[in-house]
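Down below is the structure, laid out as structure tokens.
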Amino acid sequence: MLSCTLIVAQEKEDSKEGWTKNGTISLLFNQSAFSNWVAGGENNIAGNLGINYDFNYLKGNITWDTKILASYGLTKSKNSEFEKKTDDRFEFNSLVGNKASGYWYYSGFLNFKTQFAKGFVYGKDINGKEIRTEYTNFMSPANLSFGPGMLWKKSDNLKFNFAPATAKIVIVDKNFTLPNDAYFGVEEGKSTRFELGFYASGYAKITLMENVTMENILNLYANYLEDPQNIDLDYTMNLVMAINKYLSANISFQTIYDDNAFEGFQTREVFGLGVNYGF
């Protein structure tokens, strides 16, 4: 089994005013091969590319924070007809604030989420051969949320935003829609769904111990127009454990609850041993 991760990082210390930029680019590769292995095993190869980047700006009473999260991964095993996605995510967040008092700011935010490539539902035909049906694609679904609110920001590493009048637009390919709004809540034959609700987001990056940091990203949303008690949740945890100047272990965990997409929790987890390079 071969596992290799390359992480390219760029960091700049926080400044009182101006731009603060930092981020990571990670490449994870895994390969397993078996021959006459009595315990069993399946030959496979997998790769995952991820980007986590921040652009933060401070000038007088104005603060403007932007984060880009992107990842894409594929795996191919010997006994499968198709390569399959292990990850597929693109998210853009932008949050601007004008100081009100203390750590509080009048704010406005924009959040956009989608995926890069087609997604499939897998099954077998009557002969037992693996088949797949296209279910998602780029911009299907896509979620666009925006609205005014109040931001509490102590630093770039600790902030919470509350937006009680958030507009949310769900965008899909109308050819994928299903009866009873079963495709991400969008009515059959239509390509968009409009919602109005309460949105709250939080970001906390903490040092657990020397050389170990944990980034927490939480988003909550309740739709006033339909079942406001069903709160959508999206939580991501990124844990970085620096072994030395050049090596680190990285764990990413995400869980989503959105009953319009799936009535239950969706989860994903990625682990990598990294070689770091800073510039």
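For the single chain, residues carry numbers from 1 onward in sequence order. Just so you know, these numbers use all the heavy atoms, side chains as well, and skip hydrogens, waters and symmetry mates.
Atom CD of Glu210 has 12 or fewer neighbouring heavy atoms from other residues, nucleotides or ligands inside a 6.0 Å radius. The neighbour count for Tyr103 OH, taken as heavy atoms of other residues, nucleotides or ligands under 6.0 Å away, does not exceed 12. The number of heavy atoms from other shown groups lying within 6.0 Å of CH2 (Trp64) does not exceed 12. Lys76 NZ: more than 12 foreign heavy atoms inside a 6.0 Å radius. Applying the 6.0 Å contact sphere to CZ of Phe82 captures more than 12 heavy atoms from other residues, nucleotides or ligands.
A donor-acceptor pair is defined here as one N or O able to donate and one able to accept, closer than 3.5 Å; no such pair exists between the side chain of Asp65 and the backbone of Asp156. When atom types are taken as modelled, the side chain of Ser71 and the backbone of Leu49 share no donor-acceptor pair closer than 3.5 angstrom. A donor-acceptor distance shorter than 3.5 angstrom exists from the side chain of Tyr224 to the backbone of Pro164, with no hydrogens or angles considered. Judged by distance alone, the side chain of Ser107 and the main-chain N or O of Met150 form a donor-acceptor pair under 3.5 Å. Proximity of a side-chain donor or acceptor of Ser145 to a complementary backbone N or O of Asn111 within less than 3.5 Å is not detected.
Here the straight-line distance linking atom OG1 of Thr114 with atom CG of Leu144 works out to 11.0 Å at 0.5 Å rounding. Note that the OG1 atom of Thr75 and the CD atom of Glu83 stand 10.0 Å from one another [nearest 0.5 Å]. Atoms CZ and OG1, from Arg89 and Thr236 in turn, are 4.0 Å apart once rounded to the nearest 0.5 Å. Between the CD1 atom in Ile171 and the NZ atom in Lys190 there is a gap of 15.0 Å [rounded to 0.5 Å]. Of the inter-residue distances, the one linking Lys205 atom NZ with Asn216 atom CG reads 11.5 Å to the nearest 0.5 angstrom. To the nearest 0.5 angstrom, Leu151 atom CG is 8.0 Å from Ser201 atom OG.
The aromatic rings of Phe162 and Phe198 sit tilted, their planes meeting at an angle between 30° and 60°. Relative orientation of the Tyr72 and Phe116 rings is perpendicular, given thresholds of 30° and 60° on the angle between their planes. Using cut-offs of 30° and 60° for the angle between ring planes, the Tyr57 and Trp19 rings count as tilted. Between Phe55 and Tyr53, the ring planes are tilted. Angles from 30° to 60° get that label. Using a 30° and 60° split on the angle between ring planes, Phe184 and Tyr135 fall in the tilted class, from 30° to 60°.
Ile251 and Leu69 sit in two unconnected hydrophobic clusters of ILVMFWY residues. Membership requires side-chain heavy atoms under 4.5 Å apart, directly or through other members. A single hydrophobic cluster is not seen to contain both Tyr122 and Tyr183; linkage of ILVMFWY side chains at heavy-atom distances under 4.5 Å, directly or through other members, places them apart. Using a 4.5 Å cut-off between side-chain heavy atoms of Ile, Leu, Val, Met, Phe, Trp and Tyr, with links allowed through other members, Tyr221 and Leu218 fall into different hydrophobic clusters. Under a hydrophobic-cluster definition in which Ile, Leu, Val, Met, Phe, Trp and Tyr are linked whenever side-chain heavy atoms come within less than 4.5 Å, directly or via other members, Val96 and Trp152 are assigned to the same cluster. The cluster map of Ile, Leu, Val, Met, Phe, Trp and Tyr, joined by side-chain heavy atoms under 4.5 Å apart, puts Tyr199 and Leu225 in different clusters.
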Checking side-chain contact (heavy atoms from CB on, under 4.5 Å) for the pair Arg132/Val121: CA distance, chi angles, key distance, verdict?
CA-CA 6 Å; Arg132 65 183 185 179; Val121 175; over 6 Å; no
Carefully, step by step, assess Lys67 and Asn56 under the rule side chain to side chain donor-acceptor pair (under 3.5 Å).
CA-CA 8 Å; Lys67 175 181 279 289; Asn56 297 335; over 6 Å; no
Mind running side-chain contact (heavy atoms from CB on, under 4.5 Å) on Thr63 and Lys99 for me, showing each step along the way?
CA-CA 8 Å; Thr63 179; Lys99 184 179 284 290; over 6 Å; no
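The two residues Asn260 and Arg193 come nearest to each other via the heavy atoms ND2-NH2, 3.9 Å. Here the shortest heavy-atom pairing between Asp181 and Glu188 reads OD1-N, 4.3 Å. Of all heavy-atom pairs spanning Ala165 and Leu196, the tightest one is C-CD1, 4.1 Å. Between Ala167 and Phe194, the shortest heavy-atom contact is CB-CE1, 3.8 Å. Residues Asn238 and Ser252 approach most closely at OD1-OG, 3.0 Å, considering heavy atoms. Nearest heavy-atom pair across Gln115 and Lys118 is NE2-C, 4.4 Å.
Looking at residues two or more places apart in sequence or on another chain, you find a side chain to side chain contact (heavy atoms under 4.5 Å, CB included) between Lys174 and Ser191.
For Phe146 and Phe112, the ring centers are positioned 6.0 Å apart or more. Aromatic ring centroids of Phe90 and Phe92 lie 6.0 Å or more apart.
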For residues 123-130, run the donor-acceptor check on the side chains, cut-off 3.5 Å, and write out each pair with its distance to 0.1 Å, sequence neighbours left out.
{"residue": "Asp125", "atom": "OD1", "partner": "Asn127", "partner atom": "N", "Å": "2.9"}
{"residue": "Asp125", "atom": "OD1", "partner": "Gly128", "partner atom": "N", "Å": "3.0"}
{"residue": "Asp125", "atom": "OD1", "partner": "Lys129", "partner atom": "N", "Å": "2.8"}
{"residue": "Glu130", "atom": "OE1", "partner": "Ser80", "partner atom": "OG", "Å": "3.0"}
{"residue": "Glu130", "atom": "OE1", "partner": "Glu81", "partner atom": "N", "Å": "2.9"}
{"residue": "Glu130", "atom": "OE2", "partner": "Lys84", "partner atom": "NZ", "Å": "2.8"}

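Legend: salt bridge (Lys or Arg N to Asp or Glu O under 4.0 Å) pairs involving residues 232-241, not counting sequence neighbours, sorted by first then second residue: Lys113-Asp234, Lys168-Asp232.
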